[in-house]
Amino acid sequence: MTRIQFELDGKMVEAQPGESIWQVAKREGTDIPHLCYSPEPDYRADGNCRACMVEIEGERVLAASCKRMPNVGMKVKSASARAVSARKMVMELLVADQPARETSHDPDSKFWSWADKVDVTESRFPANERWASDTSHPAMSVNLDACIQCGLCVRACREVQVNDVIGMAYRNHDAKIVFDFDDPMGESTCVACGECVQACPTGALMPSAYLDANQTRTVYPDKTVDSLCPFCGVGCQVEYQIKDEKIVYAEGRDGPANHNRLCVKGRFGFDYIHHPHRITKPLVRLPNAKKDAGDQVDPANPFTHFREASWDEALDIAAQGLVKIRDTKGVKALAGFGSAKGSNEEAYLFQKLVRTGFGSNNVDHCTRLCHASSVAALMEGLNSGAVSAPFSAAADAEVIIVIGANPTVNHPVAATFIKNAVKKGAKLIVMDPRRQTLSRHATKHLQFKPGSDVAMLNAMLHTIVTEGLTDAQYIAGYTEGFDDLKEKIKEFPPEKMEPICGIPAETLREVARMYAKAKSSIIFWGMGISQHVHGTDNARCLIALALTTGQIGRPGTGLHPLRGQNNVQGASDAGLIPMFLPDYQPVGRVDLRQPFEHLWHQELDPVRGLTVVEIMDAIHAGTISGMYIEGENPAMSDPDLQHAREALAKLEHLVVQDLFVTETAFHADVILPASAFAEKAGSFTNTDRRVQIARQVVKPPGDARQDLWIIQEIARRMGLDWNYNGPADVFTEMTHVMPSLKNITWERLEREGAVTYPVSDPFVPGNEIIFTTGFPTESGRGKIVPAKVIAPDEIPDDEYPMVLSTGRVLEHWHTGSMTRRSEVLDNIEPEAVAFMSPKDMRRLNVWPGDFVRLETRRGAIEVRVRSDRDVPENMVFMPFCYAEAAANLLTNPALDPFGKIPEFKFCAVRAKPAELRSAAE
């Protein structure tokens, strides 16, 4: 690539292709003012503020250095009298329209900082009449009296996050920034990602937490700490701003997963850790407080039924109860649920405790309820449960398939990269029974009938195979099982599948051709694929699509199951699975079990343990009597919640380690106050296989302790001689038995912040794209496994004529134990709702805000209804995060036979108006 030589302030410099004068000057150590341009992150330059003007010899007018590209031999003067004078005039004109600095919304803003540097903090010009403040949003304040119309917020919203809420409206003197059709921000379609706040250089857009009632900044952080976001599997890097040991704001950092971007949860959902209901001392159940599955946590006083205890007393009671059951009823009478919200080190120690202290493999976590079937299919076909390429690989894809996932809600930052790719020309295919925000960016949305995934995908495979769209060379070199697929796929022509899946045969063919013929195609999927009794078959079809077309192992290709919780990948890698030791090594393999037995100085159980739902069944059967649950909430996340809550109430001894008295902790005999994400250090692995360091941001409140310490104390009281000084010691041990962590050390994580596995050398970056030369199977080939069309376990009928599907809303996460205790998030979405199509609502004669009664064969709830045109007829969609209307009281516990995952995405339901409860109340 040819570099461009030119003169900058009398010195010869070189510009790389595409580099602006401003960028070269910055690299050379020359500071040129800039307001409408944001180099970090790298926003497109607009050149409309004119604060960065420079003089170019031989040209009549000054040039905006952020937009002007240098030419060979050009002579640029960044500090000539003419350039400096012009920039001062620009700043003086802008200062004229600002509130006085002493009463400004942010006197330390980027704007005032540059005003200081150019020595222009007052203006000779009269001020223009400005606009009133808009405080309608719970998280952000709009103060257009400070707006300089730089356009950064527009680019942040329209080009970076691709939400297209903010724009410029009106003309001349009346021109201003608007939200939608000049709506108040809080009433607009804003999704509160806060990208505009982070981009704004003046304080016109600010976090409300900084401002008093007069919209004047009163909060100034006393320190910042770099860490990670505690929510979804994207793994955003975050800078936390702290005042008096409290987090007041979060900003995105330029991490490899987010490049400064955040969503509403990552930016504004941190305050749950400061909630008054945090458990700050160990709690022990009162002797007269009986367990009853029908009892609910009192929102006003969740500590009812418990007394405070010292750590020694609580730990003794917790461990002695577990030891008593182990010694009297046998090792199979105990079970443990670890947490995908905790660190890799915590997950590793927890599964080690269950396997060595309890004596069995009865350990599981939330992966059983989200991507267990995906992992089952991936292990079967590729012998790896990890993604083959990061979500940022969408930038290199010609065709992107998103199936059974709603990234703008569940993985909002990942969704921005998909939307960015589409804006640059990629073709997006969305496949889901519900429409979604991404559908508006899609070339095609295949709105198939719920539960008919395999029929639709097999029709695509039929087209690819029969029309010769396969990659014969790739199949011959890297796969096995194609001949079997070729024979069995004959049963699934698109015309035959059309009435089953509801997609026209020609559309199925068109999409199949589009995927197969593209130079690079990538598939993203979520729990709409996995949470079915045929979830493993769904994933088998996706694997077959990639293997038959060779759309894997290259830039812009691959298979990516988007991980739900922040460390579900790492927790699974670390062994929180009943059939696998760390790194997915089967418990039944003697050769793979022996290194663990040698390291842990103990023989291990060779029999696979029970999964989440199986453990609940075993409690009812009387074979499990005691449990230790760290950070999981099965009393909200399990299917058929009444069954699960009855199981928890039936346990002889239940130890729960958590931040709050959750619906699960409510049934505990001992509750141990744990540390929140921001209160601990450790490593976490995101959906891209990226291992990242989280640093402690604030101290745990009261007498709450680090989770690693608590697990160790339980282990010691159960007879294990453990002595880890911190996460670094645990991580070092993990590297001895986990091949995936080869060439990754704690020191390297601290130095680099993030390393993607696998890593071939201690001094080279990790491999973001894997399977480039084959697969980690015995044959080195990927296995193609045909799938049959299997109906959901429970089909709608005359008694229960509709389909119920569950999932998330943008503002809340998982069971709501964290986000429902975040003031901003709960203010935005404070109440449980069911989403229905307008046609179904008219048929039921209900209006938005009315209560409906939803009934399945397992239970009934009453909840307000919300009209949603994205929901198809005869479907009800419900978030499962609201304890007051727990969706999982209704869901079906039927399991996928391979992944043992419940069918959360499909069960039969009936809906009717609730008696005497309407919006008129």
Side-chain angles (χ1 to χ4, degrees), residues 398-405 426-436 438-472 475 482-518 521-525 528-529 532 534-535 537-551 559 784-792 795-796 803 805 837 870-875 905-906:
E398 285 188 9
V399 172
I400 302 166
I401 288 180
V402 174
I403 179 168
K427 294 178 180 178
L428 172 64
I429 312 298
V430 178
M431 304 175 177
D432 201 281
R434 284 195 302 152
R435 294 185 67 83
Q436 55 178 276
L438 276 187
S439 304
R440 292 150 209 167
H441 301 267
T443 303
K444 294 281 186 183
H445 180 106
L446 274 56
Q447 193 166 9
F448 60 91
K449 294 178 182 179
S452 66
D453 317 57
V454 172
M456 177 183 65
L457 296 171
N458 270 351
M460 290 177 59
L461 283 165
H462 181 279
T463 301
I464 290 168
V465 171
T466 58
E467 294 187 6
L469 302 177
T470 57
D471 185 333
I475 290 170
F482 176 72
D483 289 340
D484 190 25
L485 175 76
K486 187 175 181 180
E487 183 62 31
K488 291 182 178 177
I489 209 67
K490 293 177 181 178
E491 303 174 28
F492 306 102
E495 287 77 12
K496 187 177 177 181
M497 296 300 101
E498 177 179 335
I500 297 174
C501 68
I503 304 299
E506 190 50 42
T507 301
L508 293 169
R509 284 197 173 91
E510 181 184 356
V511 171
R513 293 165 187 155
M514 201 182 300
Y515 173 81
K517 290 181 177 180
S521 295
I522 190 168
I523 301 174
F524 297 97
W525 75 90
I529 281 291
H532 290 278
H534 54 271
D537 281 328
N538 288 343
R540 285 168 174 159
C541 291
L542 299 178
I543 294 167
L545 281 171
L547 293 182
T548 56
T549 57
Q551 298 285 15
L559 296 161
I784 300 171
V785 182
K788 296 180 180 179
V789 174
I790 300 172
I795 303 296
V803 172
S805 185
S837 74
D870 287 342
V871 177
E873 287 185 68
N874 298 313
M875 174 185 272
K905 288 294 184 280
F906 196 111

Could you tell me whether a side-chain N or O of [X] sits under 3.5 Å from a main-chain N or O of [Y], the two making a donor and an acceptor?
X	Y	value
Ser452	Lys449	yes
Gln551	Ile523	no
Ser521	Tyr515	yes
Glu398	Ala426	no

If you take all heavy atoms of [X] and [Y], which pair is closest and at what distance?
X	Y	result
Pro872	Arg434	CD-CG, 3.9 Å
Ala787	Asn458	O-ND2, 2.8 Å
Thr548	Leu545	OG1-O, 3.3 Å

Positive for side chain to side chain contact (heavy atoms under 4.5 Å, CB included) with Leu457, one of Val789, Asp537, Leu508, Ile403: Ile403
Cationic N near anionic O, under 4.0 Å, Asp870 to Arg440: yes
Salt bridge Glu487-Lys490, side-chain N to carboxylate O under 4.0 Å: yes
Distance, nearest 0.5 Å, that separates CD of Glu510 from NZ of Lys444: 4.0 Å
Interatomic distance, Lys488 atom NZ to Leu461 atom CG [nearest 0.5 angstrom]: 13.5 Å
